[in-house]
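Here the structure comes first, spelled out in structure tokens, and everything after it is commentary.
First the proteins, then the strands, lettered A, B, ... as listed; each starts at 1.
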Amino acid sequence: MEPQYDHNKYEGEIYNLWEKSESFKPSLKGEPYTILMPPPNANASLHAGHAMYTVDDILIRFKRMRGYSTSWIPGMDHAGFETQFVYEKHLAKDNKSRMDFDRETLYKNIFDFVKENSGLIYKQFKRLGFSADWSKSIFTLDDNVVKYVNKTFEKMEKEGLVYRDSYIVNFCTHCGTSLAELEVKHVERIDPLYYIKYGPFVLATVRPETKFGDTAVAVHPNDQRYKNFIGKEIEVEGLLGKFTLKVVADKAVDPEFGTGVVKVTPGHDPVDWEIGKRHNLEIKSVIDLRGKLTSLAGKYEGLNVKDARIKVAEDLQKINLIEKIDKNYLHSVITCYKCGRDLEPLTVPNWFIKVKDLKNEVKKVVENEKIKFYPKRFKKHMLAWLSVMHDWPISRQIVWGIRIPVWYDIDKNKDIIVSFIDKRGNKKFGNIHDFDFSEVEKGLQTVRASVNSNYIISTTKPNGKFLPETDTFDTWFSSGQWPLVVIPENELSSRFPTDFIGTLSDILKFWISRMIMFSIYLKKDIPFKDVYLWSMVADSKGMKMSKSKGNVISPIDLIDKYGADSLRMSLIYGTPAGSKVILSDEKVKAMRNFSNKIWNLGRYLQLSFEKNKEISFEKPKSIEKEDEKIIRELDTLTLSVTKSLDKYNLNTALENIYEFAWHNFADIYIERTKERIENKNISGLYTLKHVYLTILKLLHPFAPFVTEAVWLELRYLKDSNKNLINTSWPL
RNA sequence: GACCGCUUGGCUCAGUUGGUUAGAGCGUCUCGUUUACAUCGAGAAGGUCGGGGGUUCGAAUCCCUCAGCGGUCACCA
């Protein structure tokens, strides 16, 4: 053995050994123990956060050694919007965008792009030593997953859990598409702020042209000035004559801003939309998908937004309804990342899931701890989120995902707005009935059918003039069904519910809650028993790692430099569940030193036994006091490590092993018995071997490579010829 | 603004149901060893456990309060 542990020499070789011996596949004997791997993005490459999957690997290795039939099931997610966004950046290099392609072509291109870039992350997982059953991996766009997800939608629709309603999105009236928060560019700008007379009130707005869509005015519930108006109707004089509006009280109103009174325009402002939801207000669309005012604007119909704003303001001034104009109002507006124009918050038709009954079932299992959270405080988080969870809009106006399996008969629906690439390659946008059907069908990009449209559910195209729904499911709609699609059919009865799932707290509500919801709905059972919150990986200053901050540390670099074991241990040592890990070079280095310590203890053992080849290493009849003591301490350690791992206190377990191996065993016991070992003391030699091999077993889940490496080197000393990964836990 | 959490030696954090001299890693200092390991060993310095108040025989640990920090959500018409 070399004087220093060289991880580069062993890691690859050892991983191959494990894979070749099929050690990651569940054993035939033993109680099932199952962990689902949260599917990483198919085209992702490893970042520091993924390294926290180490927690799962430690548990699966621990349970494997304890004799369970372990299965850690991996998979990959198509990651809807995020992937499409990445792909678009790629397109932008050639000066193109998604608007240049019809739907089908775009989908195919992204598919190829993802295929080309996928698989990398599994290679990187293997560098970390992850012992997942790779042969079970599935992708969220695999045929059987798509089939399953569609079936769920169909079932929900049949049972009245699906409905159509409008939903407010950021829409680019130039590009003819809605944009996700990621694509939106916030720009600071100075615009006039108009103080408009509104019946008994004066209120401030930058958007007078949307006043035709006002369906209420709102004040803060505690605002003394307007207390007497709350709940009453007020009469307002406007450009199109007099009308009445209700006064509602809502916490969203800032009494300090302007006059403390706001007009509520649910159809064209996200905040107002929320207020509208809370107070059951009517939604009036005064701006259409092309950015022009609708018939609700009376004589202003047909004007585009910018012109309308100027005209409306002028006309209001003429009839003395504007009190004053603040010309230096600095605010932030949202613009299209692509064309730079202002985005219009608009309501577009969407598909919704009624969650009330579904979420109550989730609440129950969380409340009575059929599903437990580690650490416990996340139970509260989950319950808090569940109580405010509203109906779930599941449509996404993107291509990359599972298309909602719905078709519209164009003869039965008068107002279907389509965008498509025509036969000359030009982008067109308008009502289907103004175009040639087959041309639209060929170059189809998007279909927007109004909320009350007639539709049928089908995964294949029906006969006749049908256009498909072009929205796709929210990624969480499919990944929420992950536990139900990823476990092989023949193992469902034994492996569902699964035992453990690890995740980051930021997707607790998106993902964990939905998985519970779908499992109870579809299988009448919980999907997993324990939810463990990984810690967030931060840089040495405690800042969350992100590309935009430029403080990203590549786990692979750290592995190259210090070894996988060192990285793994530095993520666990000193880090309880659900906290923050400071990942710094120094810490990984400290763990590298520990790996080397383990290696050298093995080396000492080897040298000692080489000098004493003639002696039997079996347990002698009498054990000396000093030896008895360390063995007793070892037994205590074994017990406490086992307990800690059972309770998911991985940090405590590792810290105890570290402390014992280094400061009890190496520093004290070995130093004191060196003379006895020199003198071929049988009790000492046996104890040395016994304690060391036990430490290797205890440490193996945390540092699989170095422990396996020494185990191999000490082949002739072992009590079994199994690899360390397959030996049994020393308890 | 709402909710949750945090505040322990220079830095990063442990500290289980309140119980003897409050721990670790990194860093600092002194000394040592060079046939297990310098990716080492021995030792040392360094904390009135954020401030104040309370409960208790006893509080880093429970309660109240103030201050600071962080996270999540909601917002800036």
Side-chain angles (χ1 to χ4, degrees), chain A residues 1-7 191 193-194 196 203-208 210-211 214 217-218 220 222 250-265 268-272 274-275 329-332 345 375 377-378 380-381 383-385 387-388 505-506 508-509 535-536 538-544 562-563 566 569-570 573-576 578-608 611 640 643-644 647 649 651-652 654-656 658-659 662-663 666-668 670-671 674 677 688 692 710:
Chain A
M1 283 170 81
E2 309 289 318
Q4 284 175 0
Y5 172 57
D6 178 4
H7 58 271
D191 277 313
L193 180 66
Y194 303 93
I196 302 178
L203 52 79
T205 182
V206 286
R207 306 208 52 189
T210 62
K211 77 192 289 277
D214 295 352
V217 291
H220 192 274
N222 300 334
D250 199 285
K251 286 186 305 187
V253 181
D254 178 3
E256 305 291 317
F257 185 87
T259 57
V261 185
V262 302
K263 66 194 197 68
V264 185
T265 325
H268 297 285
D269 185 288
V271 184
D272 293 7
E274 288 287 337
I275 296 177
Y329 177 58
L330 179 70
H331 68 149
S332 142
R377 66 171 186 275
F378 287 95
K380 272 195 208 165
H381 282 209
L383 288 173
W385 155 250
S387 67
V388 299
S505 64
D506 55 355
L508 206 57
K509 58 187 187 193
S535 295
M536 186 194 83
D539 69 6
S540 58
K541 286 175 197 128
M543 301 286 279
K544 188 174 177 173
Y562 298 114
S566 314
M569 289 194 285
S570 65
Y573 194 99
T575 313
S579 63
K580 200 161 75 173
V581 197
I582 307 289
L583 186 58
S584 62
D585 219 60
E586 287 76 31
K587 192 169 177 193
V588 186
K589 206 157 127 193
M591 291 302 136
R592 189 272 317 265
N593 294 354
F594 180 55
S595 306
N596 190 55
K597 191 75 191 177
I598 293 298
W599 173 263
N600 268 288
L601 282 168
R603 185 160 180 250
Y604 173 69
L605 199 69
Q606 195 199 38
L607 293 173
S608 304
K611 284 186 231 151
S640 84
K643 264 191 187 163
S644 296
K647 288 194 291 187
N649 292 326
N651 59 316
T652 315
L654 177 58
E655 283 154 26
N656 288 343
Y658 180 102
E659 185 64 21
W662 201 324
H663 300 304
D667 289 349
I668 298 171
I670 286 187
E671 291 306 320
K674 271 189 171 161
I677 298 295
L688 186 66
Y692 181 68
V710 201

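To the nearest angstrom, P of C40(B) lies 17 Å from OH of Y5(A). The CG atom of D191(A) sits 15 Å away from the P atom of C76(B) (whole-angstrom rounding). We find that CZ of F378(A) is positioned 9 Å from C1' of C4(B), with the value rounded to whole Å. With rounding to whole Å, R603(A) atom CZ is found 14 Å from U39(B) atom P. Summarising the geometry, the separation between NZ on K509(A) and P on C4(B) is reported as 16 Å, rounded to the nearest angstrom. For W385(A) and C3(B), the CH2 to P distance is 18 Å, given to the nearest whole Å. Regarding N600(A), its CG atom lies at a distance of 12 Å from the C1' atom of U35(B), rounded to whole Å. Note: CG (D667(A)) to P (A36(B)) measures 15 Å, nearest angstrom.
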remark   = In B/S/- notation (B base, S sugar-phosphate only, - none; protein heavy atoms under 4.0 Å), nucleotides 15-22 of chain B written 5' to 3' is --------
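Taking only distance into account, the side chain of E2(A) never meets the base of A36(B) through a donor-acceptor pair shorter than 3.5 Å.
Side-chain contact between S595(A) and M569(A) is present, with heavy atoms from C-beta onward closer than 4.5 Å. Side-chain atoms of I677(A) and K611(A), non-hydrogen and from C-beta on, never get closer than 4.5 Å to each other. Side-chain atoms of L203(A) and V262(A), non-hydrogen and from C-beta on, never get closer than 4.5 Å to each other.
K674(A) has no side-chain polar atom (N or O) that falls below the 4.0 Å cut-off from OP1 or OP2 of C37(B). Neither OP1 nor OP2 of U39(B) sits under 4.0 Å from any side-chain N or O of R592(A).
Considering only residues two or more places apart in sequence or on other chains, D214(A) meets the salt bridge (Lys or Arg N to Asp or Glu O under 4.0 Å) condition with K263(A). A search for salt bridge (Lys or Arg N to Asp or Glu O under 4.0 Å) contacts involving R603(A) returns nothing, not counting sequence neighbours. Residues passing the side chain to side chain contact (heavy atoms under 4.5 Å, CB included) test with K674(A) are Y604(A), I670(A), E671(A), sequence neighbours excluded. With sequence neighbours excluded, the residues forming a side chain to side chain contact (heavy atoms under 4.5 Å, CB included) with A666(A) are K597(A), L601(A), listed by chain and number. Partners of K643(A) under the salt bridge (Lys or Arg N to Asp or Glu O under 4.0 Å) rule, at least two apart in sequence or in another chain, do not exist in this structure. Remark: S535(A) pairs with S579(A) by the side chain to side chain donor-acceptor pair (under 3.5 Å) rule, at least two apart or across chains. Under the side chain to side chain donor-acceptor pair (under 3.5 Å) criterion, D6(A) pairs with no residue at all, not counting sequence neighbours. Under the rule for a salt bridge (Lys or Arg N to Asp or Glu O under 4.0 Å), K587(A) has no partner lying at least two apart in sequence or in another chain. Residues satisfying the side chain to side chain contact (heavy atoms under 4.5 Å, CB included) test with N596(A), not counting sequence neighbours, are Q4(A), Y5(A), W599(A), N600(A).
If you take atom C1' in U21(B) and the same atom in C26(B), they sit 25 Å apart, rounded to whole Å. Atom C1' of G9(B) sits at a distance of 22 Å from the matching atom of A67(B), rounded to the whole Å. With C1' as the reference atom, C76(B) and G15(B) are 43 Å apart, rounded to whole Å. For U12(B) and G47(B), the C1' atoms lie 15 Å apart once the distance is rounded to whole Å. G27(B) and A42(B) have their P atoms separated by 16 Å, with the value rounded to a whole Å.
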Nucleotides 25-27 of chain B: which of its N/O atoms have a protein N/O under 3.5 Å away?
residue : atom : partner : partner atom : Å
G25(B)  : OP1  : H663(A) : NE2          : 3.3

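Helical stems in RNA chain B, defined as runs of 3 or more consecutive Watson-Crick or G-U wobble pairs with both donor-acceptor distances under 3.5 Å, are listed by first residue as B:1-7 with B:67-73, B:10-13 with B:23-26, B:28-32 with B:40-44, B:50-54 with B:62-66.
Counting non-hydrogen atoms under 4.0 angstrom, E671(A) reaches a base of the nucleic acid. Base contact: L601(A) has a heavy atom under 4.0 Å from a base atom.
Comparing A77(B), C37(B), C73(B) by their closest approach to the side chain of K597(A) singles out C37(B).
Within the 3.5 Å criterion, the main-chain N or O of L654(A) finds no donor-acceptor partner in the side chain of Y573(A).
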